[in-house]
Amino acid sequence: MSDLKLFRLNSDVVTEIEGSSAALEKSLQDLIERNLETFLGVRFLASEFSTGREHGGRMDTLGIDENGCPVIIEYKRATNANVINQGLFYLDWLVTHRGDFEMLVLKVFGQKEAEGVEWLSPRLICIAGDFSKYDEHAIKQMNHNIELIRYMRFDEDLLLLEQVNAVSAPGNAPAAAQAISSGSGGSRGADKTVSDYLAQADQELTDRFEALNEYLTNLGDDVQVKTLKKYFAFKRIKNFACVEVHTRSRNLLLYLKVDPDSVELDDGFTRDVRKIGHFGTGDLEVIIRSGADFERAKPLINRSYESA
């Protein structure tokens with residue numbers, strides 16, 4: 001059970017609100033699906049999605065996240081349910097049936113979204129009232145992107161979602177992606193990925209990126225790094241920072257989930273990109289050309305992390 005406690009403050013009287021994590025009801029799944037983007041940063045695609053007669057399964061919730069990655073969400077309704085293995089069973093089916101998933105995205109969100117599905121990091125999210133230490137240990141041994149999220153209800157109108165543990169598949173970290181890109185010789189022109197750009201960066205830009213990467217990942221134990229085609233995504237449950245590497249201008253573009261209206265914009269350093277197309281997520285663009293820019297960016301990074 002979670003050791004989180006919630007209290008109601010009423011003048012000088014403090015009352016503890018009892019939490020409940022009883023078996024997850026279908027109504028809670030429905031609530032999560034109706035508000036999937038708010039809760040998890042995932043756009044809803046389907047509920048109880050069938051994997052066909054031969055496979056004989058149904059995925060609880062299927063979606064696509066803010067980075068374009070496929071997401072399977074499985075709910076643990078009983079204490080003895082092996083939800084992680086069940087989810088992995090579906091994840092393996094998904095990566096071998098990409099056409100079925102892309103067809104679903106096409107029907108729901110259109111052709112552009114279907115063509116932009118990011119298959120580098122398909123995700124499995126397991127939601128339960130609690131997880132055992134064996135669950136947390138097991139996902140560390142698996143070569144998949146798996147997240148364990150504990151839920152708890154307080155009274156009738158409060159729902160807590162707590163990320164218990166998250167594991168990224170090897171190769172998702174920027175350093176690993178850089179090594180892979182370097183070994184392949186990189187790509188050309190429009191086909192270049194962010195890993196290619198990082199591999200070809202000079203020492204100064206590389207050092208600046210590594211300093212930023214270290215700062216972002218050390219903000220908390222819950223930070224995950226996803227290497228995507230055009231940017232690196234740093235996330236908790238949702239993205240809080242996206243980083244592009246630009247070798248020609250020798251700078252880093254950092255996109256944060258900070259309201260541009262709450263910031264005094266500085267030309268050449270910060271920019272409102274709500275109406276400007278860009279890779280990644282976040283409405284505030286921060287240009288990091290130097291160590292001084294990095295230091296100035298830290299308070300904005302912290303705000304984005306805290307709000308994620």
Side-chain angles (χ1 to χ4, degrees), residues 29-30 32-52 54-76 83-128 139 142-149 161 163 165-173 176-177 180 193-195 224-240 242 279-281 308:
Q29 178 181 339
D30 293 341
I32 292 174
E33 289 179 343
R34 290 195 305 272
N35 301 276
L36 202 55
E37 197 161 359
T38 300
F39 284 136
L40 302 173
V42 175
R43 289 172 289 172
F44 176 77
L45 282 171
S47 182
E48 307 299 333
F49 184 79
S50 173
T51 57
E54 183 177 344
H55 190 271
R58 287 185 176 274
M59 304 179 198
D60 287 345
T61 304
L62 192 57
I64 185 167
D65 72 10
E66 54 197 330
N67 299 313
C69 299
V71 181
I72 296 171
I73 303 172
E74 290 293 313
Y75 307 90
K76 184 177 180 181
V83 67
I84 297 174
N85 283 345
Q86 182 177 329
L88 287 173
F89 187 60
Y90 293 140
L91 195 59
D92 286 342
W93 179 91
L94 188 65
V95 297
T96 57
H97 292 75
R98 297 185 180 188
D100 294 327
F101 181 81
E102 290 172 359
M103 183 60 69
L104 178 61
V105 176
L106 176 65
K107 291 179 180 177
V108 178
F109 294 120
Q111 184 173 350
K112 183 178 179 181
E113 293 290 339
E115 292 175 349
V117 173
E118 177 62 80
W119 287 103
L120 288 175
S121 298
R123 299 165 57 194
L124 169 63
I125 299 177
C126 301
I127 298 178
I139 68 170
M142 299 172 181
N143 183 23
H144 291 284
N145 298 299
I146 307 173
E147 299 155 59
L148 306 182
I149 294 180
L161 294 180
Q163 184 169 278
N165 210 334
V167 175
S168 295
N172 262 321
I180 292 169
T193 67
V194 68
S195 300
Q224 306 167 65
V225 190
K226 301 295 181 184
T227 300
L228 302 161
K229 291 176 184 176
K230 298 299 183 182
Y231 59 94
F232 297 108
F234 295 79
K235 62 187 290 291
R236 302 173 79 181
I237 291 180
K238 302 178 185 178
N239 288 356
F240 68 89
C242 294
F279 295 115
T281 59

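Values in this document were obtained by computation on a predicted structure and should not be read as measured data. Heavy-atom basis, side chains included; hydrogens, waters and symmetry copies ignored.
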- Message: Measuring only between side-chain heavy atoms, which start at C-beta, is Ile72 closer than 4.5 Å to Gln86?
- Response: no
- Task: Flag the pair Val194 / Leu228 as yes when at least one side-chain heavy-atom distance between them is below 4.5 Å, and no otherwise.
- Result: no
- Gln163 side-chain N/O to Leu148 backbone N/O, donor-acceptor pair under 3.5 Å: no
- Message: Once salt bridge (Lys or Arg N to Asp or Glu O under 4.0 Å) is applied, do any residues pair with Glu113, and if so which ones, sequence neighbours excluded?
- Response: Arg43
- Give the minimum heavy-atom separation between Lys229 and Val117, together with the two atoms involved. NZ-O, 4.4 Å
- Is the shortest heavy-atom distance from the side chain of Ile73 to the side chain of Ile125 under 4.5 Å? yes
- Item | Value rounded to 0.5 Å, distance of SG in Cys242 from CZ in Phe232 | 11.5 Å
- Which of these passes side-chain hydrogen bond (donor to acceptor under 3.5 Å, both in side chains) with Thr61: Glu33, Glu74, Glu48? Glu33
- Query: Which heavy-atom pair separates Ile146 from Leu88 by the least distance, and what is that distance?
  - Reply: CD1-CD2, 3.8 Å
- Rounded to the nearest 0.5 Å, what's the gap from CD1 on Ile127 to CD1 on Ile149? Could you check? 5.5 Å
- Item | With sequence neighbours excluded, residues passing side chain to side chain donor-acceptor pair (under 3.5 Å) with Glu115 | Gln111
- Message: If I take atom CG from residue Leu91 and atom CZ from residue Arg123, how far apart are they, to the nearest 0.5 angstrom?
- Response: 11.5 Å
- Considering residues, nucleotides and ligands other than Phe49, do more than 12 of their heavy atoms fall under 6.0 Å from its CZ? yes
- Taking every non-hydrogen atom, the tightest pair across Leu124 and Ile84: CD2-O, 3.9 Å
- Judged by atom type as modelled, is there a donor-acceptor pair below 3.5 Å linking the side chain of Asp65 to the main-chain atoms of Cys69? yes
- Under the side chain to side chain donor-acceptor pair (under 3.5 Å) rule, collect the residues that match up with Asn239, sequence neighbours excluded. Asn67, Thr281
- Query: Between Glu66 and Lys238, does at least one N-O distance fall below 4.0 Å, as a salt bridge requires?
  - Reply: no
- Closest contact, heavy atoms only, Pro70 versus Trp119: CG-CZ3, 3.7 Å
- Item | Non-hydrogen side-chain atoms of Phe101 and Leu62 separated by less than 4.5 Å | yes
- Item | Gln29 side chain to Tyr75 backbone, donor-acceptor under 3.5 Å | no
- Item | Test ring pair (Phe, Tyr, Trp, His ring centres under 6.0 Å) applied to Phe240 - qualifying residues, sequence neighbours left out | Tyr305
- Say you draw a straight line from CG of Leu45 to NZ of Lys107; how long is it, rounded to the nearest 0.5 Å? 11.5 Å
- Task: Mind listing the closest non-hydrogen atom pair of Phe39 and Ile237 along with its distance?
- Result: O-CG2, 3.8 Å
- Nearest non-hydrogen partners of Phe44 and Phe109, listed with the distance: O-CZ, 3.7 Å
- Query: Glu118: what forms a salt bridge (Lys or Arg N to Asp or Glu O under 4.0 Å) with it, not counting sequence neighbours?
  - Reply: none
- Query: Is it true that a side-chain atom of Asn145 and a backbone atom of Pro122 form a donor plus acceptor pair closer than 3.5 Å?
  - Reply: yes
- Note on the structure: Hits for side chain to side chain donor-acceptor pair (under 3.5 Å) against Ser50, two or more places apart or cross-chain, chain-then-number order -> none
